[in-house]
Amino acid sequence: MTSTVDALLAGLDEQQRVAAEALLGPVCILAGAGTGKTRAITHRIAYGVATGAYAPNRVMALTFTSRAAAELRGRLRHLGAGGVAARTFHAAALSQLNFFWPQVIGGQLPSVLDSKGRLLGQASERLRLKVDTATLRDVAAEVEWRKVSGLSIDQYAARIQERNIPGSMTAEQLILLQQSYEDFKDERRQFDFEDVLLACAGMIESEPSVAMQVREQYRFFVVDEYQDVSPLQQQLLDLWLGGRRDVCVVGDASQTIYSFAGARSDFLLDFERRYEDAAVVRLEQNYRSTAEVVETANQLMRGRSGALTLRAAGTTDASASASASASAAAAATAGTAPAGRSPAVAVHPSDMAEARAVAQSIATQIAAGDKPEDIAVLFRVNVQAAALETALADVGVSVQIRGAKRFFDLPEVRQAVMSLRAASVSISGEPLFKSVSDVLRSLGWTQDPPQARGAVRDRWESLNAIMGLVDLAAPGTTFRRFTDELLERQAGQHEPTVSAVTLATLHSAKGLEWDTVYLIGLSEGLVPISYAKTFDQVDEERRLLYVGITRARRRLHLSWSETGQQRGGTRAPSRFLAELGSRSPRAAGARAR
């Protein structure tokens, strides 16, 4: 037994070991990107089980995605703690509801909606509101935000001026639609995902027998990615704890990228104030990335609330401190962010030129022996994938798109392609730009983008990307030939092989890593996104870029383009680039035309 226990601690660094041995009471592990947080918490749980401090069936490890929960379960099984429950908040709440509902309420638990869209559509028909699919998706997001923020419809109505009203709806219509949606659910005895958490919390709060049984079952809690917890999830965690203090939270405020969905890093940052005797452990030794990548990440987050200062493997606290002091001194002298070892920033004349340059660089890497699956291209919005797909296909590189449908599989793109094809049969002789723009305008495209984020903006971006293909067409291309080429692009899609370069949005890249990462589109309007207006919104964009940077293990490439695919309109480099200590974008030399 002693050798088994010792083995659980043997492979940990000093701070990870401190975290693993802090088994009882409130514990806060502040874990920077690439610092081995999952290793630390799984070894902590397994160590608690092996020493007898924990009965495995009384431990609950909570996280936010099914993939992360599955990874925790796999690691715990390997470490001899397979009896520990590792679940998402929703899965844990649903399990408890299924058990207690027949006892407390009677009958079966209401069915859980797969998505809100269809029911919202029916609710809008009841109100005789004409609402398109994209707007309904944004309304669904508002419903989710309201519920996880712990707001009733009346409370939401009082704060509605703080929110972006989806599509062309009025505030009154948005409130009425949400109420109609809730009425529909009640009539049909259905729950949405947020209702699962609300019902579980309500049952524990109102039924002492349920609270007693739940708290008897689970005594020790570990919450991963705690920076992403919402007020509703925190409420449920507090109810599970029931005033007890054996909770370990793990997170990194610099990776809070879901505030728009209700996530609150305040719970992580205020943990020490809430539990004054909490054991606080800082994991800052980065084992993932080179010193160059680590320094770039540190420069971006320097001075931000809750930011950790990462150290690349092999550097010491002293050397990291000296480096930081030297950087600060240089900054004070120059009056700007210090120049460091950060990657140069490549500048390209257009989005397509940027995509082609990235594709060629990747093809060269693969020819030199790098594996495609060790390379990723990260971007801010889904539609940026289209040019990359084309450019990588042209150089014979397979791709897989993570976290989103392929561009030509998006519903709005399918509709646009069909409409363009139908129109091309009867329209001829007009300038291509006019023919295509007329059809896309009938589908909701406008020359100026919607100001708010969400599905309406995503739909516009998709249609705008098709509009941008006009500029890539050869001179003299007819409307019919243009639609022929669209259909050829659409038909050519196929599932990529496993050995493929990953294309992913910055959001969907969270939790992943690659040897080489290309961060593209680093211009104002994309990073930060154009609808990020307030300080908090821009700061979330900063954190999103930080997540992208820290996905790279060995090589990091940064780039932006001076124009989009359409006529006119020049861009400026992202304000964040000036803080990275990178060589001047225009001096980076990547302006091949």
Side-chain angles (χ1 to χ4, degrees), residues 57-66 69-70 73 83-127 136 139-156 175-219 221 229-244 262:
N57 64 336
R58 302 197 70 193
V59 181
M60 174 73 81
L62 294 160
T63 189
F64 291 84
T65 66
S66 297
R73 287 194 295 270
V84 170
R87 298 173 178 167
T88 64
F89 275 88
H90 283 91
L94 186 58
S95 176
Q96 291 175 17
L97 280 179
N98 276 318
F99 182 80
F100 289 111
W101 190 274
Q103 303 173 32
V104 177
I105 308 298
Q108 287 189 327
L109 182 73
S111 61
V112 180
L113 292 168
D114 289 333
S115 69
K116 299 178 177 65
R118 180 175 296 178
L119 207 60
L120 279 167
Q122 293 169 349
S124 66
E125 288 174 6
R126 174 182 283 184
L127 295 171
L136 288 177
V139 174
E142 284 299 290
V143 171
E144 291 162 11
W145 180 87
R146 172 177 62 79
K147 290 186 173 185
V148 302
S149 299
L151 301 178
S152 67
I153 290 181
D154 288 342
Q155 290 169 327
Y156 175 84
I175 298 299
L176 288 173
L177 182 53
Q178 291 198 41
Q179 185 60 64
S180 180
Y181 165 79
E182 296 298 336
D183 293 343
F184 253 112
K185 279 199 298 92
D186 291 344
E187 292 167 10
R188 299 183 181 190
R189 293 194 74 252
Q190 291 179 310
F191 276 171
D192 58 28
F193 281 110
E194 293 70 43
D195 290 334
V196 170
L197 300 184
L198 286 164
C200 186
M203 192 174 288
I204 295 171
E205 202 164 25
S206 63
E207 297 290 335
S209 63
V210 172
M212 183 180 69
Q213 291 180 71
V214 169
R215 291 164 189 165
E216 177 62 26
Q217 174 66 59
Y218 295 112
R219 178 73 174 79
F221 289 85
V229 77
S230 70
L232 176 55
Q233 289 162 332
Q234 181 64 50
Q235 178 193 1
L236 186 55
L237 177 61
D238 289 339
L239 288 166
W240 281 333
L241 283 165
R244 295 170 301 176

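Computed from a predicted model, the values in this text were never measured in an experiment. Heads up: numbering here begins at 1 and tracks the sequence.
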Does the side chain of Tyr181 reach to within under 4.5 Å of the side chain of Val139, using non-hydrogen atoms? no

Taking the side chain as every heavy atom from C-beta outward, state whether Trp240 and Met60 have any pair of such atoms under 4.5 Å apart. no

Taking side chain as C-beta onward, heavy atoms only, is Phe64 less than 4.5 Å from Val229? yes

Any side-chain heavy atom of Leu109 within less than 4.5 Å of one from Phe191? yes

Pair Glu182 + Lys147: basic N to acidic O under 4.0 Å: yes

Rounded at 0.5 Å granularity, tell me how far CG in Leu232 sits from CG in Leu237. 11.5 Å

Side chains of Arg215 and Leu239: closer than 4.5 Å at any heavy-atom pair? yes

Beyond-backbone contact of Leu197 with Gln235, side-chain heavy atoms, under 4.5 angstrom: no

N-O pairing of Lys185 and Glu194 below 4.0 Å: no

Asn57 CG to Arg219 CZ distance, which is reported to the nearest 0.5 Å: 13.5 Å

Side chains of Gln217 and Gln96: closer than 4.5 Å at any heavy-atom pair? no

Close side-chain approach of Val148 to Gln233, heavy-atom, < 4.5 Å: no

Spatial distance of atom CG (Leu236) from atom CG (Leu241) [nearest 0.5 Å]: 10.0 Å

